[in-house]
Asker: 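Let me give you the structure first, and then I'll get to my questions.
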Amino acid sequence: MQLRKRAATGLVSVALVTGAMGVTPSAHAAQREAAPSAATSCYGSAHAYSKPSGSYDYPTGSSYLTTTSNCADINIKTNTNRYVAVCWLKTGTCQSDYTLTTAGQWTTVATNVVNGTDFFFWFRSDASSTGYWAA
């Protein structure tokens with residue numbers, strides 16, 4: 001939990017001082033519809049999420065998510081357009097840019113992620129958010 005607090009404090013400080021987490025969505029953000037085989041192995045194993053208002057991260061608290069062999073990437077399907085970044089539990093760092101997600105569509109937020117990597121999502125807004133994630 002201390003790491004998450006440090007990561008959150010560091011993120012806010014970096015964003016305020018240097019603007020490192022800018023508003024511009026990452027140029028590498030890729031949206032794609034799954035091919036049938038990918039849907040079965042990756043999106044077919046998706047998990048629902050519900051981020052409460054007042055929080056920027058999901059999951060909140062000391063919980064985290066872990067990548068599996070089901071997907072080579074970290075994907076999210078939000079129910080409303082959202083800017084999202086991935087943060088790495090091991091290093092306490094986050095992606096330098098947010099990725100814009102489109103409501104109801106799968107969006108790849110991080111690519112070629114090693115299986116067993118612990119992570120959490122960091123949203124640009126503290127508004128509540130629901131949808132699905134697959135990794």
Asker: Can you tell me how far apart OG (S62) and CZ (F120) are? Round to the nearest 0.5 Å.
Answerer: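 S62 OG to F120 CZ: 11.5 Å, rounded to 0.5 Å.
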Asker: Minimum heavy-atom separation for C71 and N115, please, with both atom names.
Answerer: O-OD1, 4.2 Å
Asker: Heavy-atom distance under 4.5 Å between the side chains of Y56 and F121, does that happen here?
Answerer: no
Asker: Verify side-chain hydrogen bond (donor to acceptor under 3.5 Å, both in side chains) between T101 and T78, making sure each step is shown before the conclusion.
Answerer: CA-CA 7 Å; T101 66; T78 56; 2.7 Å; yes
Asker: Going by distance alone, is a donor N or O of one side chain under 3.5 Å from an acceptor N or O of the other, for T91 and T93?
Answerer: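 Present: a donor and an acceptor within the cut-off.
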Asker: Rounded at 0.5 Å granularity, tell me how far OG in S63 sits from CG in D118.
Answerer: 11.5 Å
Asker: For P59 versus D57, what's the shortest heavy-atom pair and its separation?
Answerer: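 Shortest heavy-atom separation between P59 and D57 comes out as O-OD2, 3.6 Å.
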Asker: Among side-chain atoms of T108 and N75, is any donor-acceptor pair under 3.5 angstrom?
Answerer: yes
Asker: Indicate yes or no for a side-chain donor-acceptor contact from N81 to the backbone of A103 under 3.5 Å, with no hydrogens or angles considered.
Answerer: yes
Asker: Determine whether a donor-acceptor pair (N or O, by modelled atom type, separation under 3.5 Å) exists between the side chain of Q95 and the backbone of V109.
Answerer: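 Indeed, once roles are kept as given, a pair shorter than 3.5 Å links the two residues.
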Asker: When rounded to the nearest 0.5 angstrom, what distance separates OH in Y132 from OH in Y43?
Answerer: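 Reported to 0.5 Å precision, the distance equals 14.5 Å.
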Asker: Indicate yes or no: at least one non-hydrogen side-chain atom of P52 is less than 4.5 angstrom from one of T60.
Answerer: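 They are in contact (side-chain heavy atoms under 4.5 Å apart), so the answer is yes.
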Asker: Determine, step by step, whether Y49 and S129 satisfy the side-chain hydrogen bond (donor to acceptor under 3.5 Å, both in side chains) criterion, reporting the C-alpha distance in whole Å, the side-chain angles of both residues, the deciding distance to 0.1 Å, and the verdict.
Answerer: CA-CA 8 Å; Y49 80 88; S129 179; 2.7 Å; yes
Asker: Taking atom OH of Y58 and atom OG of S128, what is their separation to the nearest 0.5 Å?
Answerer: 13.5 Å
Asker: Quick check on side-chain contact (heavy atoms from CB on, under 4.5 Å): which of T107, V86, I74, I76 does T99 satisfy it with?
Answerer: T107
Asker: Quick one about T111 and D73 (side-chain donor to acceptor, distance below 3.5 Å, no hydrogens or angles considered), yes or no?
Answerer: no
Asker: Given the rule in the side-chain contact (heavy atoms from CB on, under 4.5 Å) test, do V84 and W133 qualify, once you have shown the distances and angles that lead to the verdict?
Answerer: CA-CA 12 Å; V84 181; W133 66 273; over 6 Å; no
Asker: At what distance, to the nearest 0.5 angstrom, does OG1 of T117 lie from OH of Y64?
Answerer: 12.0 Å
Asker: Can you tell me if S50 uses its side chain to pair, donor with acceptor, with the backbone of T130 under 3.5 Å?
Answerer: no
Asker: State, with a plain yes or no, whether a side-chain heavy atom of T67 is found less than 4.5 Å away from one of F119.
Answerer: yes
Asker: Of all the heavy-atom pairs spanning A46 and W106, show the shortest one and how long it is.
Answerer: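 Heavy atoms only, the tightest pair is CB-CH2, 3.6 Å.
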Asker: Cation-pi check for F123 against K51: NZ or CZ below 6.0 Å from the six-membered ring centre and within 45 degrees of the axis, yes or no?
Answerer: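 The answer is yes; both the distance and angle limits are met.
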